[in-house]
Each structure stands twice: as structure tokens, then as C-alpha cells.
Amino acid sequence: MPIARVAGLLVGVAACATLFAQPPTPSSVLPRLIVDAGEVARTDAWLQVPLPPTVRGADLHLRDEQTGDVVPLQIGPQREAWAVLPSLPAERTVRYRIEPSLKETLPDRVVAARDVSRVRVSVDGRPALTYVGEPLRLPAGIEDVYERGGYLHPVTTPSGRRVTEDYPPNHKHHHGIWAAWTRTRFAGRAPDFWNMGDRTGTVEFERLGRAWSGPLTAGFEARHRYMDLLAPTPTTAVLEDWRVIAYAWPTSARPAHVFDLEITQTVTGMEPLELPTYRYGGVGMRGRHEWDGKDRTFFLTSTGRGRLPGHGTRATWVHMSGDVDGQRAGIAMLSHPDNVRSPQPMRIHPTEPFFNFAPQQAGPLAIRPGEGLTLRYRFVVMDGPPDAAWLDAMWQAYAMPVRARVE
């Protein structure tokens with residue numbers, strides 16, 4: 001038998017051995033993935049499902065039991081599997097076998113390149129977003145009190161147009177996409193973690209966690225500290241964990257950079273962090289400084305409202321855009337239905353390129369010991385003006401993904 005053929009057989013045996021906790025078994029008892037489309041038809045449907053410990057290995061794929069078609073899988077750092085299913089009719093259940101893949105490993109289309117405390121994410125070789133961990137050198141004329149890290153900037157469209165801003169001169173505490181609370185009460189004090197110039201609170205980068213790249217997704221994890229500067233000595237009030245996942249999104253409709261931000265906040269002691277009613281605070285999004293002015297930034301909400309009519313109302317998504325090099329570019333922020341007080345109220349600035357889902361507009365909130373608060377948002381970054389129907393479909397896919405389970 002030729003040496004190459006022997007080597008191929010050995011690779012296949014090794015792949016099967018790593019896939020299962022027990023020796024190889026007949027195909028009739030291979031692990032099976034059951035996928036339910038739900039009430040709507042799906043095209044290029046994203047699937048994410050945790051794998052049980054009995055399913056091992058990194059080079060796996062799905063095989064449709066009816067058609068025999070093969071769908072590649074990407075295995076994430078927490079043993080979650082990602083796949084893109086080409087189409088699913090409404091009310092349809094599809095069964096797949098989870099098999100070892102003997103093909104060459106797919107190239108990493110989405111790359112999270114780590115550089116000390118910074119992570120640069122690219123899709124198909126094009127920059128998509130950068131995470132800033134440790135603070136960067138301050139721009140000229142910016143006071144030290146405004147120094148902070150733990151945010152995303154720059155964020156760019158598929159054509160390379162930047163849509164975010166860092167340290168804008170009229171709001172020096174704004175940083176691309178970032179998180180902080182404004183009006184708070186903690187242990188009898190009132191630190192403001194948003195308006196850093198008041199010197200009552202700040203948010204500090206603590207560390208980067210794991211990062212990964214892959215053919216379908218790339219991402220990273222990070223931790224921040226909310227520092228109460230009104231305490232006798234600076235005190236950590238809240239620990240904030242970020243998980244960012246960027247996708248190689250199918251381009252059948254229109255090119256877009258798509259990424260998710262999941263934030264989990266927990267108080268460090270036995271005191272709650274109270275969030276009184278206020279018009280802004282939470283996860284903010286700052287557009288380019290050139291978009292300053294009431295006629296230079298354009299907003300559209302999922303309810304069809306613009307800038308002034310949209311402020312203080314509730315929506316599932318908002319799109320913010322402006323002109324870059326003579327062409328429109330923008331970013332949409334989609335709010336997950338599991339978020340507190342969903343659909344959340346919105347802060348839309350009347351003259352500046354700033355947006356914020358602000359659940360505390362609807363009344364006081366609190367992060368209590370042992371409970372925590374999780375906020376989930378998807379960002380869609382694109383060239384050109386917004387397409388409301390397309391963004392509705394993007395939100396539907398985010399809010400109601402396909403249902404899947406492993407047998």
C-alpha cells in the first residue's frame with residue numbers, strides 16, 4: 001500500500017479517536033445535532049451550540065442526514081460550535097451527524113491579533129475593530145483625568161471607513177464603544193463613572209483573557225474595574241467582564257462587519273450599585289467628530305424615528321451614520337430582547353454623534369450582590385445608508401436564532 005494512503009488512514013483513525021470518549025461506533029449512533037428553524041425561513045442562518053464533553057476534537061463537520069451535504073464547524077474556546085447553515089425553511093427540523101473532518105483545516109477568515117493589551121480584529125484581511133486595554137497616550141490638550149482604557153476604537157466598515165471617535169474635544173470622556181454608569185449610589189456615596197472630569201469615579205482596564213481566531217468567528221475576553229474615587233481610598237465597586245465575538249458574515253445581502261458585545265457586571269462586596277433614573281449611561285457609541293452638528297449625523301430607529309423624535313423612545317435597534325470621504329457610512333446597535341427593560345429606552349444626542357441604550361430612563365435599577373447584570377448588543381457596521389428591512393431581519397436573527405441541541 002502506498003505510504004501516502006497509509007498516512008491518510010492513520011489521520012482518519014486519529015480524528016475518530018479524538019471525537020468520542022469511547023471507541024468508534026457505527027454511524028447510526030454518531031452524535032446528532034437537531035436544528036429547528038422556528039416560525040421563519042432562514043437563509044445563511046448562524047448556529048451556536050455548546051458541545052457535550054463526549055464530543056471531542058477540533059476538526060469536525062456536520063453532515064445532513066437527508067441530503068448528505070456537509071457544513072463546516074468551528075469549535076470555540078469554551079467548546080461551543082459555530083456553523084452557518086445555507087437555508088432552513090420555516091417550521092423545518094433538520095438532523096445532522098457530527099463527524100470528524102478529514103479535509104484540510106479551513107483558513108482563519110476572522111483574526112483577533114493580540115498585542116500586549118490591545119486586540120485588533122480583522123475579517124478577510126480587512127480591519128474591523130480594535131480593543132484598547134491599557135490607556136493610549138493622551139492626545140495633546142487632554143487632561144490626565146480623562147485617561148482610560150477598556151473600549152473599542154477604531155471601528156471600520158468593510159471599505160475601511162472609520163465610524164467611531166476617541167477623546168472628542170467636546171466630550172473628552174467618550175471612547176468609540178464603551179461602558180460606564182453616570183448617576184449612581186454606592187455605599188452612601190455617589191460616584192460618577194461616566195463623567196470622569198468630576199474625579200468621583202472611573203473605569204480601569206484590569207486584564208485580557210483568552211482570544212481566538214477562526215474560519216467563522218474570532219473574539220476575546222477582558223475585565224474592567226469600576227473605581228469609586230469618593231471612598232477614603234479608591235475602591236472597586238463593580239467588576240465588568242467583556243466578551244466580544246466578530247463574525248465572517250455572509251455577504252449575500254450587503255457587506256457588513258458584525259460583532260457582538262456581551263457585558264456582565266457584578267458588585268464586589270455586599271453593597272448594591274444603585275442606578276437612579278437618568279437620561280444616559282450604560283453602553284455608549286460615539287461617532288466621528290466630523291459628524292458633529294444637528295445636520296451631520298443621521299439616526300434611524302427600528303420604529304422609523306429620526307434623531308429628535310427617537311430620543312426617549314424604545315426600539316430594538318438604532319442606526320447612526322454620516323458622510324466619510326463623500327460617502328455615507330454607519331453603524332447599527334441591536335439590543336437583545338433578554339436585556340433588562342427590553343426594548344430599552346434610548347438617549348439620542350440632539351446635536352452630537354452619540355447614542356446610548358439607557359434602561360435606567362424607565363426608572364431606578366440596581367446591581368445587587370449575587371445577582372449581577374448582563375447586557376448584550378450586536379453591532380452591524382456598513383457602508384451606505386441604512387436599510388430598515390434588512391436591519392429588521394438582522395435583529396430577528398440575533399433575537400431569535402435557530403434552536404439546536406446535541407443528542
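Hydrogens, waters and symmetry mates are skipped; everything else that's a heavy atom, side chains included, is used. One is the number of the first residue; the rest follow in order along the sequence.
Using a 4.0 Å cut-off between a side-chain N of Lys or Arg and a carboxylate O of Asp or Glu, Arg63 and Glu65 do not qualify as a salt bridge. With salt bridges taken as basic N to acidic carboxylate O contacts below 4.0 Å, none links Asp325 and Arg288.
In terms of modelled atom types and a separation under 3.5 Å, the side chain of Asn356 and the main chain of Val283 share a donor-acceptor contact. Put simply, the side chain of Arg148 gets close to the backbone of Gly150: a donor and an acceptor are under 3.5 Å apart. When atom types are taken as modelled, the side chain of Arg254 and the backbone of Asp383 share a donor-acceptor pair closer than 3.5 angstrom. In this structure, Thr156 contributes its side chain and Pro127 its backbone to a donor-acceptor pair below 3.5 Å. With hydrogens and angles ignored, the 3.5 Å screen pairs no side-chain donor or acceptor of Glu91 with any backbone N or O of Ala37. In this structure a side-chain-to-backbone donor-acceptor pair under 3.5 Å is present from Trp291 to Asp323. Panel note: side chain Asp387, backbone Ala389; a donor-acceptor pair is recorded below 3.5 Å. In this structure, the side chain of Arg161 engages the main chain of Val324 through a donor-acceptor pair within 3.5 Å. When atom types are taken as modelled, the side chain of Arg223 and the backbone of Glu206 share no donor-acceptor pair closer than 3.5 angstrom. With hydrogens and angles disregarded, no donor-acceptor distance shorter than 3.5 Å links the side chain of Thr184 to the backbone of Ala190.
In this structure, OG1 on Thr164 lies 8.5 Å from CG on Leu152, to the nearest 0.5 angstrom. One distance of note links CZ of Arg109 with CG of Leu216; it measures 7.5 Å at 0.5 Å rounding. Taken to the nearest 0.5 Å, the CD atom of Glu221 stands 5.5 Å off from the CD atom of Gln78. Taking CZ of Arg243 as the reference point, atom CZ of Arg376 lies at 10.5 Å (rounded to 0.5 Å). Expressed to the nearest 0.5 Å, how far CG of Leu334 lies from CG of Leu391 amounts to 6.5 Å. From Leu273, atom CG reaches atom CZ of Arg368 across 10.5 Å, with rounding to the nearest 0.5 Å.
Using modelled atom types, one finds no donor on one side chain facing an acceptor on the other under 3.5 Å when comparing Ser335 with Thr316. Checked by atom type, the side-chain pair His171/Glu352 shows a donor-acceptor distance below 3.5 Å. Counting only N and O atoms by type, the side chains of Asp392 and Trp317 include a donor and acceptor under 3.5 Å apart. Under 3.5 Å, the side chains of Thr235 and Asp228 contain no donor-acceptor pair of N or O atoms. For the residue pair Gln74 / Thr217, a side-chain donor-acceptor distance below 3.5 Å is found, with atom types taken as modelled. One side chain, His61 or Glu99, offers a donor N or O that lies under 3.5 Å from an acceptor on the other. Checked by atom type, the side-chain pair Trp242/Glu240 shows a donor-acceptor distance below 3.5 Å. Of the N and O atoms on the side chains of Thr200 and Asp198, not one donor lies less than 3.5 Å from an acceptor on the other residue. Counting only N and O atoms by type, the side chains of Trp181 and Gln265 include a donor and acceptor under 3.5 Å apart. Using a 3.5 Å distance cut-off with no hydrogens or angles, the side chains of Asp59 and Ser101 do not pair a donor with an acceptor.
Summarising the geometry of Pro154 relative to Arg162, their closest heavy-atom pair is CB-CD, 3.8 Å, with the distance given to 0.1 Å. When all heavy atoms of Ile263 and Ala179 are compared, the closest pair comes out as CD1-CB, 3.9 Å. Across Thr266 and Gly372, no two heavy atoms sit closer than the pair CG2-CA, 4.1 Å. Between Gln360 and Leu275, the shortest heavy-atom contact is CB-O, 4.4 Å. Minimum heavy-atom separation, Pro168 to His289: CB-ND1, 4.3 Å. Considering every non-hydrogen atom in both Ala404 and Val49, the closest pair reads O-CG2, 3.9 Å.
Counted within 6.0 Å of CZ on Arg199, heavy atoms from surrounding residues, nucleotides or ligands total 12 or fewer; the atom is thus considered open. In Asp144, the CG atom is not crowded: 12 or fewer heavy atoms of neighbouring residues, nucleotides or ligands sit closer than 6.0 Å. Applying the 6.0 Å contact sphere to CD of Gln66 captures no more than 12 heavy atoms from other residues, nucleotides or ligands. Arg296 CZ: 12 or fewer foreign heavy atoms inside a 6.0 Å radius. Residue-environment remark: CZ (Arg114) exceeds the threshold of 12 foreign heavy atoms within 6.0 Å.
Each of Val123, Val110, Ile331 was compared with His257 under the side-chain contact (heavy atoms from CB on, under 4.5 Å) criterion, and only Val123 meets it.
Side-chain contact between Pro215 and Pro107 is absent, with no heavy-atom pair separated by less than 4.5 Å. Between Pro353 and Asp292 there is a side-chain heavy-atom pair separated by less than 4.5 Å.
Below 30°, between 30° and 60°, or above 60°: for Phe354 and Trp178 the angle between ring planes is between 30° and 60°, a tilted geometry. Note on ring orientation: taking the six-membered ring where Trp is involved, the planes of Tyr167 and His175 are perpendicular (angle over 60°, cut-offs 30° and 60°).
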Walk me through whether Asp192 and Thr182 qualify under side chain to side chain donor-acceptor pair (under 3.5 Å).
CA-CA 5 Å; Asp192 183 339; Thr182 313; 4.8 Å; no
Applying side-chain contact (heavy atoms from CB on, under 4.5 Å), run through Val238 and Arg225 and close with a yes or a no.
CA-CA 6 Å; Val238 170; Arg225 295 188 300 264; over 6 Å; no
Kindly determine whether Tyr96 and Arg32 satisfy side-chain contact (heavy atoms from CB on, under 4.5 Å), including the steps that lead there.
CA-CA 6 Å; Tyr96 295 91; Arg32 175 184 285 149; over 6 Å; no
Test log, rule side-chain contact (heavy atoms from CB on, under 4.5 Å), inputs Tyr131 and Arg118:
CA-CA 6 Å; Tyr131 170 79; Arg118 207 171 307 178; 5.9 Å; no
side-chain contact (heavy atoms from CB on, under 4.5 Å) evaluation trace for Val244 with Asp260:
CA-CA 6 Å; Val244 176; Asp260 293 345; over 6 Å; no
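In this structure, Arg378 satisfies the cation-pi test against Tyr247, with its NZ or CZ atom closer than 6.0 Å to the six-membered ring centre and inside 45 degrees of the ring normal. A cation-pi arrangement is present between Arg328 and Phe298 under the rule of less than 6.0 angstrom and at most 45 degrees off the ring axis.
Residue pairs meeting the ring-ring contact (aromatic ring centres under 6.0 Å, His included) criterion with at least one partner in residues 368-407, sequence neighbours excluded, are Phe259-Phe379, His336-Tyr398, Phe357-Tyr377.
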